[in-house]
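What follows is a single structure, written as structure tokens, with notes after it.
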Amino acid sequence: MVTIRLTNSKTRRKEVFAPINPANVRMYVCGPTVYDRAHIGNARPVVVFDTLFRLLRHVYGAEAVTYARNFTDVDDKINARAAESGRPIREITDETIGWYHQDMDALGALRPTHEPRATEYIGAMIAMIEKLIADGHAYAVEGHALFRVRSYKDYGALSGRSVDDMIAGARVEVAPFKEDPMDFVLWKPSGAATPGWDSPWGYGRPGWHIECSAMAYELLGASFDIHGGGLDLQFPHHENEIAQSCCAHPGAGFAKIWMHNEMLQVEGRKMSKSLGNFFTVRDLLNQGYPGEVIRMVYLGTHYRKPMDWTAEKARQAEMTLRKAAEVLNSDPFSELSFSWAHAKAPTEVVEALANDLNTSLALTHVNRYIKENDIYSLVGSLSLLGLRPQVIRDEFASFSLTADDRGVSVSTRAAETNALADRLPALRERFEALRAEAMASKDFAPVDALKTALIAAGVEVRMSKAGVELVPGAGFDAAKLEALL
RNA sequence: GGCGGGUUGGCGGAGAGGUUACGCAGCGGAUUGCAAAUCCGUGAAGACCGGUUCGAUUCCGGUACCCGCCUCCA
């Protein structure tokens with residue numbers, strides 16, 4: 001069996017992954033707060049842990065992996081959104097979850113096994129808080145329940161901080177009823193304008209951190225294998241989760257391995273609305289970046305390094321996918337000669353991923369399969385990486401290699417582009433005729449004019465002794481092509 | 001201020017204590033009416049200063065710079 005190695009944030013070392021139960025490998029990843037479209041920073045952990053999910057399924061079997069990713073649907077940002085729009089909270093969260101699914105589906109991310117909503121686990125949260133209070137790890141005061149940080153001796157171990165250091169450097173405004181400045185909220189009171197539930201501490205709502213502890217416990221148990229999320233969540237969110245869960249379920253150890261993906265920048269700068277470089281995934285999709293291109297850009301950078309989103313990277317990813325599509329499409333019958341769904345990723349690709357998710361190295365291998373025209377390895381690798389081969393072929397394949405040119409009745413193009421594919425051969429014939437004339441007359445102006453127009457329409461013009469190929473490229477513009485017909 | 005991380009060729013971006021990463025761009029050649037595409041070939045690196053070592057870009061320490069978290073934002 002392949003040995004998977006993962007960097008554990010808790011130990012800051014790369015460790016051999018040995019599941020608690022290989023028949024039920026369990027992973028929890030912090031999901032979105034659902035009040036708006038996911039931006040491209042939110043999407044990075046989704047792609048990273050989807051890739052890990054796929055690797056685990058590959059190694060341990062699809063049925064042997066349980067992946068839980070929550071929706072935070074109770075939060076002050078959601079309340080604010082509801083207040084300013086006048087819409088019901090549930091309507092906002094339902095709509096946002098729908099968007100999230102659409103956008104992450106476009107990136108080729110599999111749906112996790114469980115996608116719990118925080119509001120469906122209020123009872124479990126209350127039960128956990130009650131236990132923490134009963135055991136002296138938390139206390140109730142003025143309608144709040146607070147976690148007593150000093151009662152968990154390892155508090156700060158994950159993020160490498162000591163409670164004393166943090167207090168010294170803290171800029172936090174400390175609520176007067178806290179025993180200790182670092183104590184954090186498990187439950188807080190709600191007024192008429194905010195959603196709430198009845199609890200032993202009065203009508204109120206949960207603090208942010210308790211939901212993940214409660215849902216992970218309900219769905220995965222007191223101890224499980226992997227807990228993931230963005231590096232920004234390491235402190236305080238994950239630190240607090242550990243404190244809560246370890247105190248509520250002593251001895252269980254909570255997550256064995258903690259994984260954190262680095263943050264994302266855009267064109268070398270932090271993504272922010274004020275800099276005007278803030279994109280949602282939907283923005284990019286609407287700008288015409290296919291989901292596969294976006295995913296490819298993510299996979300190009302190791303998850304523990306800061307990643308920069310740039311238009312140039314997207315261009316290169318698209319170029320690579322076009323080449324891949326040509327290979328996938330080079331034999332119209334290739335899909336029939338072996339089942340694409342069963343193509344296996346070569347060992348070297350699996351091992352690249354097994355080595356702490358070295359997606360960049362995996363893509364290096366993919367490049368070689370493209371160069372060597374190795375369809376089988378290419379299909380297997382792309383599938384394991386979540387880059388759907390059929391989609392790539394349909395989205396990026398060139399017209400010149402479709403059925404029309406080869407006399408076979410296999411069409412692999414998306415319907416919209418197929419319509420144009422029918423017209424390209426006519427243009428090609430005209431081009432060939434013009435070229436033949438030019439060769440004889442030595443007047444190349446007419447053929448050059450047509451060539452220039454085709455290039456302007458984003459069509460690659462390939463001439464050889466054998467004939468002419470017209471291939472739509474990255475900047476393909478159907479409207480300009482229409483004008484030539 | 002506290003804590004954590006990073007710094008690789010023109011650009012992006014990996015592995016490995018000693019042997020070509022790879023991709024994009026560049027350059028040379030083949031090919032072409034000219035190109036494009038393709039193929040062949042090729043130059044180019046490891047922030048700085050020390051240390052360990054026969055040997056470090058890879059390990060250790062320091063400096064500089066950058067980034068993140070500590071505070072609503074991922």
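Because only heavy atoms are used, hydrogens play no part in the values below, and waters and symmetry mates are left out as well, while side chains stay in. Throughout, a chain's letter reflects where its sequence line sits, starting with A, and its residues are numbered from 1.
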Rounding to a whole Å, what distance do you find between [X]:[atom1] and [N]:[atom2]?
X	N	atom1	atom2	value
A/M463	B/U38	CE	C1'	14 Å
A/H237	B/C72	NE2	P	14 Å
A/L264	B/G13	CG	P	11 Å
A/N367	B/G12	CG	P	18 Å
A/H302	B/U8	NE2	C1'	16 Å
A/R304	B/G4	CZ	P	16 Å
A/E312	B/G12	CD	C1'	8 Å
A/N240	B/C69	CG	C1'	13 Å

Just name whichever nucleotide pairs with [N], Watson-Crick or G-U, keeping both distances under 3.5 Å, else none.
N	answer
B/G61	B/C49
B/C39	B/G29
B/C3	B/G68
B/G9	none
B/G17	none
B/A56	none

Expressed as a whole number of Å, how far does the [atom1] atom of [N] sit from that of [M]?
N	M	atom1	answer
B/U53	B/G18	C1'	11 Å
B/G10	B/A30	P	29 Å
B/C22	B/A45	C1'	14 Å
B/G12	B/C67	P	15 Å
B/G62	B/U52	C1'	15 Å
B/C54	B/G4	C1'	37 Å
B/G28	B/G43	C1'	11 Å
B/U8	B/A14	C1'	10 Å

message: Between A/R117 and A/D73 (salt bridge meaning N to carboxylate O under 4.0 Å), is one present in this structure?
response: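 Judged by the 4.0 Å cut-off on N to carboxylate O distance, A/R117 and A/D73 do form a salt bridge.
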query: More 5' along RNA chain B: A/L363 or A/N42, using each one's nearest nucleotide?
result: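 Final value for this comparison: A/L363.
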Strictly below 4.0 Å: does [X] bring a side-chain N or O up to OP1 or OP2 of [N]?
X	N	value
A/K451	B/A35	no
A/K305	B/G12	no
A/K313	B/G13	yes
A/S159	B/C3	no

- Going by the angle between their ring planes, with limits at 30° and 60°, are A/H227 and A/Y28 parallel, tilted or perpendicular?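 Rings of A/H227 and A/Y28: tilted, 30 to 60°.
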Between A/S151 and A/H137: side-chain donor-acceptor atoms closer than 3.5 Å
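Indeed, the side chains of A/S151 and A/H137 share at least one donor-acceptor pair under 3.5 Å.
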**Asked** Going by distance alone, is a donor N or O of one side chain under 3.5 Å from an acceptor N or O of the other, for A/T194 and A/N79?
**Response**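 Note: A/T194 and A/N79 side chains miss the donor-acceptor criterion.
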For a quick check of understanding: with a heavy-atom distance under 4.0 Å over all strands, which category does A/Y35 fall into, base, sugar-phosphate or nothing?
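Here A/Y35 touches the backbone only, sparing every base.
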Worksheet entry | Side-chain donor or acceptor of A/T301 paired with backbone N/O of A/V297 under 3.5 Å |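 Not confirmed, A/T301 side chain does not pair with A/V297 backbone.
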Exercise for review: Kindly say whether A/L361 contributes a backbone atom to a donor-acceptor pair with the side chain of A/N358 at under 3.5 angstrom?
Suggested key: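 Looks like yes, one N/O pair under 3.5 Å.
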Would you kindly check whether a donor in the side chain of A/T364 faces an acceptor in the base of B/A14, or vice versa, at under 3.5 angstrom?
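Check fails, no donor-acceptor contact within cut-off.
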Determine whether a donor-acceptor pair (one donor, one acceptor, N or O, separation below 3.5 Å) exists between the side chain of A/N358 and the base of B/G15.
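Flag unset: no donor-acceptor pair detected.
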query: Which is it for A/N355 and A/K14 under the side-chain hydrogen bond (donor to acceptor under 3.5 Å, both in side chains) test, yes or no, and what are the steps along the way?
result: CA-CA 9 Å; A/N355 185 9; A/K14 205 188 281 188; 2.8 Å; yes
**Prompt:** Which one, B/C40, B/G5, B/A36, comes nearest to the side chain of A/R462?
**Reply:**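 Out of B/C40, B/G5, B/A36, the nucleotide with an atom closest to A/R462's side chain is B/A36.
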